[in-house]
Amino acid sequence: MQVSSHDFKARADKALHDPNLRQALSAMEKGFVSKRQAAVRDLPEFDALRDRAVEIKNHVLENLDHYLERFETQVLAQGGKVHWCASPKEARETILALLRTVEARTCTKGKSMIAEEIALNPFLAANGIEPVETDLGEYIIQLADEPPSHIIGPAVHKTKDQISDLFLEHHQKYGRTARQTDPQALVNEAREILRQKYIDADAGITGANFLIAETGSTVIVTNEGNGDLTQMLPRMHIVIASLEKIVPTIEDACTILRVLARSATGQEFSAYTTFSTGPKREADLDGPAAFHVVLLDNGRSAMIGTELQEALRCIRCGACMNHCPVYQAVGGHAYGWVYPGPIGAVLDPHFVGLEEARHLPSASTFCGRCEQVCPMRIPLPKIMRYWRQQAFERKLAPPPERMAVQLWAWLVRRPALYHFATRIAAYLLGRFGAERGYFRRLPLAGGWTRGRDMPAPSGRTFHDLWRTSGRGRGEAE
Amino acid sequence: MPKGRRVGLFVTCLVDLYRPQIGFAAVKLLEEAGCRVEVPRLQTCCGQPAYNSGDRADATAIARQVIAAFQGFDYVVAPSGSCTGMLKVHYPALFAGDAAMLEAAEDLSRRTFELISFLTDVCGLEAVEATYPGLVTYHDSCSGLRELGVKAQPRHLLQTVAGLSLTELPGAETCCGFGGTFCVKYPAISEEMTQKKAADIVASGADTLLAGDLGCLLNMAGRLSRNGARVAVRHVAEVLADQGGEPAIGEPAAKKKSRR
């Protein structure tokens, strides 16, 4: 995926003026938030489960090498293979080489953010292999030739009308010439077209929500069953996953599953939870002949032991973005890379560089709602603040912005001068604003007054009044 | 020496500059609750703008200054969840590698409280003597709510104000879009958030909006004023201290009229 995070402000402005996006986002905001709230309310032990889930991931991150090696041993024992890939390039080339062994012309794909992270689809297409997205949301944005705007609802930025138009445009070649508007009819149309694609595919690629060390299993959750058809029908199943997806046991995976769907969509459980352990065995009725796990690092192991480590607990539920007022305002595409919202503001600077992504951790009010709803209790604002410090120290913000902060701090550190200066400011602003009570415009405050009035100060500072009231005498100067 | 808790009032820079009556309302409430209130003159700002801009060196220097200014008080109280959160939650984080300062920061943290929750939770205040006829709604500012757990306390005291009816604000826990320097760094996004909040406030039908943080109040009042909405905006302490008759935020000082 093309990185355009540096352009965050312009992309956000564009998003704020896109009526279709406004409509799609307002529907999303209501759906996800209220459903999660109801799901959490119905499970009194939800917070205790969160604590347990955090403990599991913390333990894994402290012992990552052990569990990854255990996982590989088990995958091998089940007849599969693990491919360790340090970089996106290595992962892409590994996948291509695997697909070549089955002379693949098409491959179906379940939803995978790692596939987005390594920009797999354009690479496969350039090498003559057609990737077919089978998750409905991913299918829609593949038709639209757009990246996902949300990690669990890739097409959440699209309205129903836009989807009707896309299907009409792209499905004519299958003899579908009627514009469907009923959601169920749209789903059925996609399902019927995808059915043949599953059968034709030479390989199926899925992501993984969990890798289980004790069994060598990979786990995906879906609501459409598309993942099952993707991995069961073709000859080869390739799982692409990043290394922090590992958990020690099935029991651990089940604990985290209990907070995952509730946090994500407000469901108790996703409709399908699929455990894949090795290729088809002799007694199995179906399944792939070959099973491969492509394990991606891409800088994650370097996060261990740093301020970023806690972000590796993320289970990609999307709750942080669903509840983020900034995401709700601008949508996912404004963030300009694979991971949007608060988790993107934390991860993207690591993956694409802080020079590129400095706006992402900066564009937050630190309202703290993301951390409040994060099932894995990732201190998202704290990590965003860490990035802001890095950006400040590396002088990445424009000089006037830095200098304004430093000049203000210089004054704040000189209380006598500060009180003198604020007394004058209060007097002047109070005098000019007294009649109306507010300012429509104010020099140097254009960022404020372009969208709101500036209430006028009452004319004298508290400290001034306190001192002259006689109350301040005898107090520590 | 008079008895009672010795409280150092952290006025906050916005209250100092914009709306001193909030500071005086705080003093009145604290004194009525039996506290002795002093206002150390060495205080200016809590340093949050530097801290949240990534300027850790200046934030740390300002924190040292505040810690020194408030030594010796039984309690430090601020009429703001955001500034209280800075002193209480974030100062210790600034001194992680400095044992002596960390201890001083943690000591300050233990003594520091947001005004309204201090009145109820520490002073045990159950009711106030105040009158405010009108339909009031309340916005939960983010830091007070999520860093300090201020939620029930202001509502509890507001229910004891004569003539006041409280109606819940839809989306009361959603950020108003202020965010300190955020609102001027990302004005377009901030305005979108503030507009949603303003619409919710108007939809609540209330004639007065209250909250516990002046930054958020200036932001919401500014948008309501720009929209021409006739909602009076005040700090919750003003109403609890029976000072609700003064011009609301953004109202002309001269006319002394009330929108209620």
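Computed from a predicted structure; not experimentally measured. Throughout, protein chains are lettered first and strands after them, A, B, ... in sequence-line order, and every chain is numbered starting at 1.
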Flag side-chain contact, heavy atom, 4.5 Å: [X] against [Y]:
X: B:Thr174; Y: A:Arg369; result: yes
X: B:Met193; Y: A:Val326; result: yes
X: A:Arg385; Y: B:Tyr51; result: yes
X: B:Leu9; Y: A:Trp466; result: no
X: A:Gln328; Y: B:Lys196; result: yes
X: A:Trp408; Y: B:Asp55; result: no
X: A:Arg440; Y: B:Arg226; result: yes
X: B:Pro20; Y: A:Ser458; result: yes

Can you check whether B:Leu42's main-chain N or O pairs, donor with acceptor, with A:His419's side chain at less than 3.5 Å? no

One pair to check against side chain to side chain contact (heavy atoms under 4.5 Å, CB included): A:Arg467 and B:Arg41. What are the steps and the verdict? CA-CA 9 Å; A:Arg467 197 141 84 146; B:Arg41 200 126 162 105; 3.6 Å; yes

For [X], which atoms come within 4.5 Å of any heavy atom of chain A: side chain, backbone, both, or neither?
X: B:Gln21; result: side chain
X: B:Ser53; result: both
X: B:Val27; result: side chain
X: B:Cys13; result: both
X: B:Arg19; result: backbone
X: B:Tyr18; result: both
X: B:Asn227; result: neither
X: B:Leu214; result: neither
X: B:Ser82; result: neither

Heavy atoms only, distances under 4.5 angstrom: which of [options] has the most pairs with chain B? Name it, please.
options: A:Thr422, A:Val405, A:Val412; value: A:Val412
options: A:Asp464, A:Asp453, A:Thr461, A:Thr365; value: A:Asp453
options: A:Ala426, A:Pro325, A:Ala363; value: A:Ala363
options: A:Ala404, A:Ala397, A:Pro455; value: A:Pro455
options: A:Thr449, A:Val33, A:Asp13; value: A:Thr449
options: A:Met454, A:Lys9, A:Lys382, A:Arg413; value: A:Arg413

Using the six-membered ring wherever Trp is involved, compare the ring planes of A:Phe8 and B:Tyr186 and label them parallel, tilted or perpendicular (cut-offs 30° and 60°). perpendicular

Heavy-atom distances under 4.5 Å only: say whether [X] touches chain B with side chain, backbone, both or neither.
X: A:Val330; result: side chain
X: A:Ser364; result: backbone
X: A:His359; result: both
X: A:Ala391; result: neither
X: A:Tyr386; result: neither
X: A:Arg436; result: backbone
X: A:Leu465; result: both
X: A:Glu401; result: side chain
X: A:Arg394; result: neither
X: A:Arg460; result: backbone

Taking atom [atom1] of [X] as the centre, does the number of heavy atoms from other residues, nucleotides or ligands within less than 6.0 Å exceed 12?
X: A:Ile424; atom1: CD1; answer: yes
X: A:Arg431; atom1: CZ; answer: no
X: B:Lys151; atom1: NZ; answer: yes
X: A:Lys35; atom1: NZ; answer: no

So how far is it from [X] [atom1] to [Y] [atom2], rounded to the nearest 0.5 Å?
X: B:Asn52; Y: A:Met384; atom1: CG; atom2: CE; result: 11.5 Å
X: B:Arg56; Y: A:Arg388; atom1: CZ; atom2: CZ; result: 14.5 Å
X: A:Trp410; Y: B:Asp58; atom1: CH2; atom2: CG; result: 12.0 Å

Under a 4.5 Å cutoff for heavy-atom pairs, which residue among [options] has the most contacts with chain A?
options: B:Gly54, B:Ala188, B:Gly179, B:Ala93; value: B:Gly54
options: B:Val233, B:Val15, B:Asp16, B:Leu14; value: B:Asp16
options: B:Gly180, B:Ser143, B:Ser190, B:Ala57; value: B:Ser190
options: B:Lys185, B:Glu173, B:Glu147; value: B:Lys185

Which heavy atom of [X] sits nearest a heavy atom of [Y], and at what distance?
X: A:Tyr438; Y: B:Gly250; value: CD2-O, 3.4 Å
X: B:Leu17; Y: A:Ala425; value: CD1-CB, 4.2 Å
X: B:Glu192; Y: A:Ala329; value: CG-CB, 3.7 Å

Under a 3.5 Å cutoff, is there a donor and acceptor pairing between the side chains of A:Arg452 and B:Asn219?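 A:Arg452 vs B:Asn219: donor-acceptor pair found between side chains.
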
Evaluate the side chain to side chain contact (heavy atoms under 4.5 Å, CB included) criterion for residues B:Val39 and A:Arg471: first the C-alpha distance (whole Å), next the side-chain angles of each, then the deciding distance (0.1 Å), finally the verdict. CA-CA 9 Å; B:Val39 184; A:Arg471 290 291 310 263; over 6 Å; no

Could you go step by step and tell me if A:Trp448 and B:Cys183 meet the side chain to side chain contact (heavy atoms under 4.5 Å, CB included) rule? CA-CA 7 Å; A:Trp448 180 285; B:Cys183 71; 3.6 Å; yes

